[in-house]
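What's counted below: heavy atoms across the whole structure, side chains too, no hydrogens, waters or symmetry copies. Each residue takes its place number in the sequence, starting with 1.
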Amino acid sequence: MSYDYDILFLGGGLNYAGAVVASKAGLKCALVEKNPAHLGGTCLHNGCIPSKMYLEAAETIRKAKKGHSIGSVALDMAKLDEEKEMLLSRATAAITRQCARVDIVKGEGKLVAPHTVEVEGKKLTARYVILGTGSRPFIPEGIAYDGEGVITSDEVLNLKALPEKIAVYGDGAIGLEMASFFASVGVETELVWRHDTLLRNAHPMVSANLKKHMESLGVTLTPNKEIRSAKTTKRGVHIVYTDNSEHYVPTLLVATGRRAVTDAVQTPEIEIGKRGIVTDEHFETTLGDHYAIGDCNGKLQLAHAARAEVLYVVRRILGKKPEMIDLEHVVKFIHTLPCSYAVVGKSKAELEKSGNKYSESVVPLSGLPFAVTHDGADGMMIVYADAEGFILGGEIFAPNAEELIAVVAMALAGEMDAATAKRTILAHPTFSESLEKAFLRL
């Protein structure tokens, strides 16, 4: 059977990286995206890139408020938004140039039959189909989302002015990062979540110190609260909790996670599970030669994971026999201020649940002059090893933890044991030298 394309990529997020590689290898490729100006997906336009830009700006404001500073500084939100749009425009243009050999098809695509995607009434066929339809914000029942008083990450990263006050509902990455942002730039901020502990799957010492940081930023913490209903009124957003208590805020940011977008799958041969499109370890769906990568497969909602997945799939199609991806070795992090949290491999919670023997090394950063002068005195380096001394994982709470964790990630990829890790000599004065100390204590 002849096809219009060798590979059709449905969704223009990190899928584009696979399309670039495949087209350069000589395959005929199409990338279907309903909004070509949104190439690069949620991460670039409504997620990790603008959020980290905002947090960098907030960090500047936060540091300017230190005791040894003179005068005051405030964030010009309209200017920051303008700078963000310029950055994203340049990035999108660069991605578009990379896709010069790819047919970019504008429109909402639907997989209506094996090897067949329908776009605006026109059917396109391909030998392979790679689904990368991403995810969308999850709005709990009872919350009347309107994009104005009740907003999600889509709107919060497009604000032209700072709200007078904001309540953030949810203690995941989006909730914690945005609570850090708003509090650091002087917005009265409340963080509402359903449990009693922040980062409840992290090491207990990390959870406790993150709580301390949120309080030091001025965030009002409201644990053990679940919203039953929320609706924008003339007085503000009216929130009613399940315990019948009520609350009004000008703005409510709903940060209760994201859900896989699976609407594009309209053929019964592909199974849809509770978390997303079902795939095997090669990211192949229940329909052969049809793959699902990134958020839509429900495995890891991380841009770098999506990129790794689509490149793995393309290399496999090209017959290069790539090594399988161990998703446990993918770095996960939350960029809070002033310390971020990062984890790779096994965490303490996972190790305790497994029941396997392990050793743990914890190095608090308190008391170290460099950590004190660089806002990391509440931080810590934690690494784990198995009974034979091989590195199992690590958790880091420190400024730029997402960068520091790379040392542990590479130790995992190289199947390094503690004896080898102990030979590492890292620079002084830095945060990384405390990671060296953590290896030495295993």
Side-chain angles (χ1 to χ4, degrees), residues 173 199 201-210 281 300 302 304-305 307-308 312 322-336 338-442:
L199 285 183
N201 292 322
H203 192 287
M205 291 175 63
V206 171
S207 298
N209 283 10
L210 176 63
E281 66 274 19
L300 277 181
L302 297 167
H304 47 290
R307 183 178 186 277
Y312 172 86
E323 286 192 25
M324 286 178 58
I325 296 174
D326 187 342
L327 294 177
E328 195 173 83
H329 291 181
V330 175
V331 169
K332 310 169 191 68
F333 75 96
I334 297 177
H335 194 148
T336 45
C339 287
S340 297
Y341 170 69
V343 59
V344 69
K346 296 291 187 184
S347 65
K348 183 178 181 68
E350 291 170 328
L351 288 166
E352 288 187 339
K353 188 176 180 180
S354 72
N356 295 326
K357 289 184 179 181
Y358 69 95
S359 58
E360 169 185 318
S361 174
V362 181
V363 176
L365 305 182
S366 57
L368 297 174
F370 182 84
V372 171
T373 59
H374 288 72
D375 295 321
D378 292 322
M380 63 201 68
M381 304 286 177
I382 310 167
V383 290
Y384 307 101
D386 64 17
E388 296 179 348
F390 286 92
I391 306 300
L392 289 171
E395 297 181 73
I396 295 178
F397 187 59
N400 301 312
E402 63 277 10
E403 302 282 357
L404 294 163
I405 200 72
V407 177
V408 185
M410 293 182 74
L412 284 170
E415 299 181 349
M416 188 181 292
D417 61 9
T420 305
K422 289 174 184 179
R423 297 203 297 267
T424 306
I425 300 174
L426 299 172
H428 168 81
T430 62
F431 284 110
S432 63
E433 66 180 318
S434 294
L435 188 53
E436 173 190 335
K437 196 173 295 183
F439 286 131
L440 285 170
R441 293 182 182 179
L442 275 173

For the backbone of [Y] and the side chain of [X], can you confirm whether one donor and one acceptor N or O come within less than 3.5 Å of each other?
{"X": "Asp378", "Y": "Asn209", "answer": "no"}
{"X": "Lys422", "Y": "Leu442", "answer": "yes"}
{"X": "His335", "Y": "Glu402", "answer": "no"}
{"X": "Glu281", "Y": "Met324", "answer": "no"}

For this session: Could you check Ile391 against Val383 for side chain to side chain contact (heavy atoms under 4.5 Å, CB included), going step by step and ending with a plain yes or no?
Result: CA-CA 8 Å; Ile391 306 300; Val383 290; 5.6 Å; no

For this session: Could you tell me the separation between the CD atom of Glu436 and the NE2 atom of His428, rounded to the nearest 0.5 Å?
Result: 11.0 Å

Would you name the heavy atoms of [X] and [Y] that are closest together and state the gap between them?
{"X": "Val331", "Y": "His304", "value": "O-NE2, 2.7 Å"}
{"X": "Leu300", "Y": "Ala305", "value": "CB-CB, 4.1 Å"}
{"X": "Cys339", "Y": "Asp375", "value": "SG-O, 3.6 Å"}
{"X": "Leu365", "Y": "Gly376", "value": "CB-O, 3.3 Å"}

Exercise. Checking side chain to side chain contact (heavy atoms under 4.5 Å, CB included) for the pair Ile405/Phe333: CA distance, chi angles, key distance, verdict?
Worked result: CA-CA 9 Å; Ile405 200 72; Phe333 75 96; over 6 Å; no

Exercise. Could Lys348 and Glu352 be called an ion pair, given the rule that one side-chain N must be under 4.0 Å from one carboxylate O?
Worked result: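 Counted as a salt bridge, because a side-chain N and a carboxylate O are separated by less than 4.0 Å.
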
Exercise. Is there a side chain to side chain contact (heavy atoms under 4.5 Å, CB included) between Leu199 and Tyr341 once you walk through the steps?
Worked result: CA-CA 9 Å; Leu199 285 183; Tyr341 170 69; 3.9 Å; yes

Exercise. Should the heavy atoms of other residues, nucleotides or ligands under 6.0 Å from CD of Glu388 be counted, would the total exceed 12?
Worked result: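 Atom CD in Glu388 is not packed in, count stays at 12 or less.
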
